[in-house]
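The structure appears below as structure tokens.
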There are 2 protein chains.
Amino acid sequence: MTSTEPARPAVRPTRQRRAVTAALAAFDDFRSAQEIHDLITRQGDSVGLATVYRALSALADSGEVDMLRSEDGEAIWRRCSDTHHHHLVCRSCGATVEVEGPAVERWTSAIAGEHGYADISHTLEIFGTCPACRVS
Amino acid sequence: MTSTEPARPAVRPTRQRRAVTAALAAFDDFRSAQEIHDLITRQGDSVGLATVYRALSALADSGEVDMLRSEDGEAIWRRCSDTHHHHLVCRSCGATVEVEGPAVERWTSAIAGEHGYADISHTLEIFGTCPACRVS
DNA sequence: CCTGAGTTGACAACGATTCTCAACATCGCT
DNA sequence: AGCGATGTTGAGAATCGTTGTCAACTCAGG
């Protein structure tokens, strides 16, 4: 503890990063980087796709957004609350419900510990058809 | 019911498909299509990469292999027992433990039902560092 | 041996993501 | 405000996993 400095991340609040954050705020469900980029473009802003990826990764690292993989492996993103949780995603319309599962958390670390695995992370996503899409 | 024929899938047990099955049998953990293809090649057999993908997809459809996504979105495959289960995968060496979680199954369908979602599927994978890799 | 349907392989095509690198924007300081 | 150091950006090329294309091929069985 040589000082109280939080290692100065030197992350700058640029126009681009703000645009990405704003776009995320406009969505309630998980979106691909491309969709987010499209929204930004449609709103008149101009931000490079690569920059969108960079911003999203940074936000994911800092825990401000969730990134998960759709069933076909594409990365999809969504702003999130800061607590750990999982998602119930509608396969057809993308509607998302955030769910918490203390039981699952406990179960995964128990299982992992049982087998001597350390430094655990886990993914748990539920896909289904939501009531609205069900009536078709 | 015009007959008892099971819709004759007409899937032929070719040399290539046998090679893929054999390669899968040689692994205990999840491997990418490319690794599987490499193994086949190294064993002297010659099978096109596209064919490996086709065979793996077919096997996955028929439930003979598990396909899941590694943390970076790549598809990885492994032969599997026929019961539904999840995996505890070592991030560094790929060692896999198959785990069952009746509690989790129950939890996911409960959650889904609670929100009116139907036709549920879920993914739950645990990543960590196994004891062997831990000692480094 | 002939024929038809499933299969294959080489390679092009694709799509998501990352890399490259020169031009640019900010920050901290004076 | 002016400066220099350093993080950031954009356009496009480059990667890389995966899928599509299509002519050649392989079986099964008549």
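Letters A, B, ... mirror the listed sequences (proteins, then strands); counts begin at 1.
- Atom CE in A/Met67 sits roughly 7 Å away from atom P in C/dT18 (whole-Å rounding).
- The six-membered or imidazole ring of B/His86 lies near that of B/His122, with a centre-to-centre distance under 6.0 Å.
- Using the six-membered ring where Trp is involved, B/Trp77 and B/Tyr53 have ring planes that are perpendicular, over 60° apart on the 30 and 60° scheme.
- Between B/Tyr53 and D/dT19, a side-chain N or O to OP1/OP2 separation shorter than 4.0 Å is absent.
- Rounded to a whole Å, the CZ atom of B/Arg31 is 20 Å from the C1' atom of D/dT18.
- Checking D/dT18, C/dG9, C/dT17 against every side-chain atom of A/Gln34, the shortest atom distance belongs to C/dT17.
- The A/Val47 side chain lies nearest to D/dG10 when the options are D/dT18, D/dG10, C/dT17.
- Distance A/His37 NE2 to D/dG12 P: 12 Å, rounded to the nearest Å.
- Separating the CZ atom of A/Arg69 from the P atom of C/dG15 is a distance of 18 Å, rounded to the nearest angstrom.
- Regarding contacts with the backbone of D/dT8, every side-chain N or O of A/Thr14 stays at 4.0 angstrom or more from both OP1 and OP2.
- Between the side chain of A/Arg54 and the base of D/dG10, at least one donor-acceptor pair of N or O atoms lies under 3.5 Å.
- The listed nucleotides are D/dG12, D/dT18, C/dT8; the one nearest the side chain of B/Gln16 is C/dT8.
- When the nearest nucleotides of DNA chain D are assigned to B/Ser32 and B/Arg15 by heavy-atom distance, the more 5′-ward of the two goes with B/Ser32.
- Electrostatic pairing of A/Asp66 and A/Arg79 does not count as a salt bridge here, judged by no charged N lying under 4.0 Å from a carboxylate O.
- Using a 3.5 Å distance cut-off with no hydrogens or angles, the side chains of B/Glu64 and B/Ser62 do pair a donor with an acceptor.
- D/dG17 atom C1' lies 13 Å from atom CD of B/Glu35, rounded to whole Å.
- At the phosphate of D/dT9, OP1 or OP2 sits under 4.0 Å from a side-chain N or O atom of A/Arg17.
- For the pair A/Leu49 CG and C/dT17 C1', the interatomic distance rounds to 8 Å; values are reported in whole Å.
- The backbone N or O of A/Arg17 sits less than 3.5 Å from a side-chain atom of A/Thr21, completing a donor-acceptor pair.
- Residue contacts shown for A/Ser46 are limited to sugar-phosphate atoms, with no base heavy atom under 4.0 Å away.
- In the set C/dA10, D/dG10, C/dT17, D/dG10 carries the atom at the smallest distance from any side-chain atom of A/Thr51.
- Rounded to whole Å, the distance from CG on A/Leu56 to P on D/dT8 is 15 Å.
- Distance B/Phe30 CZ to D/dG17 P: 18 Å, rounded to the nearest Å.
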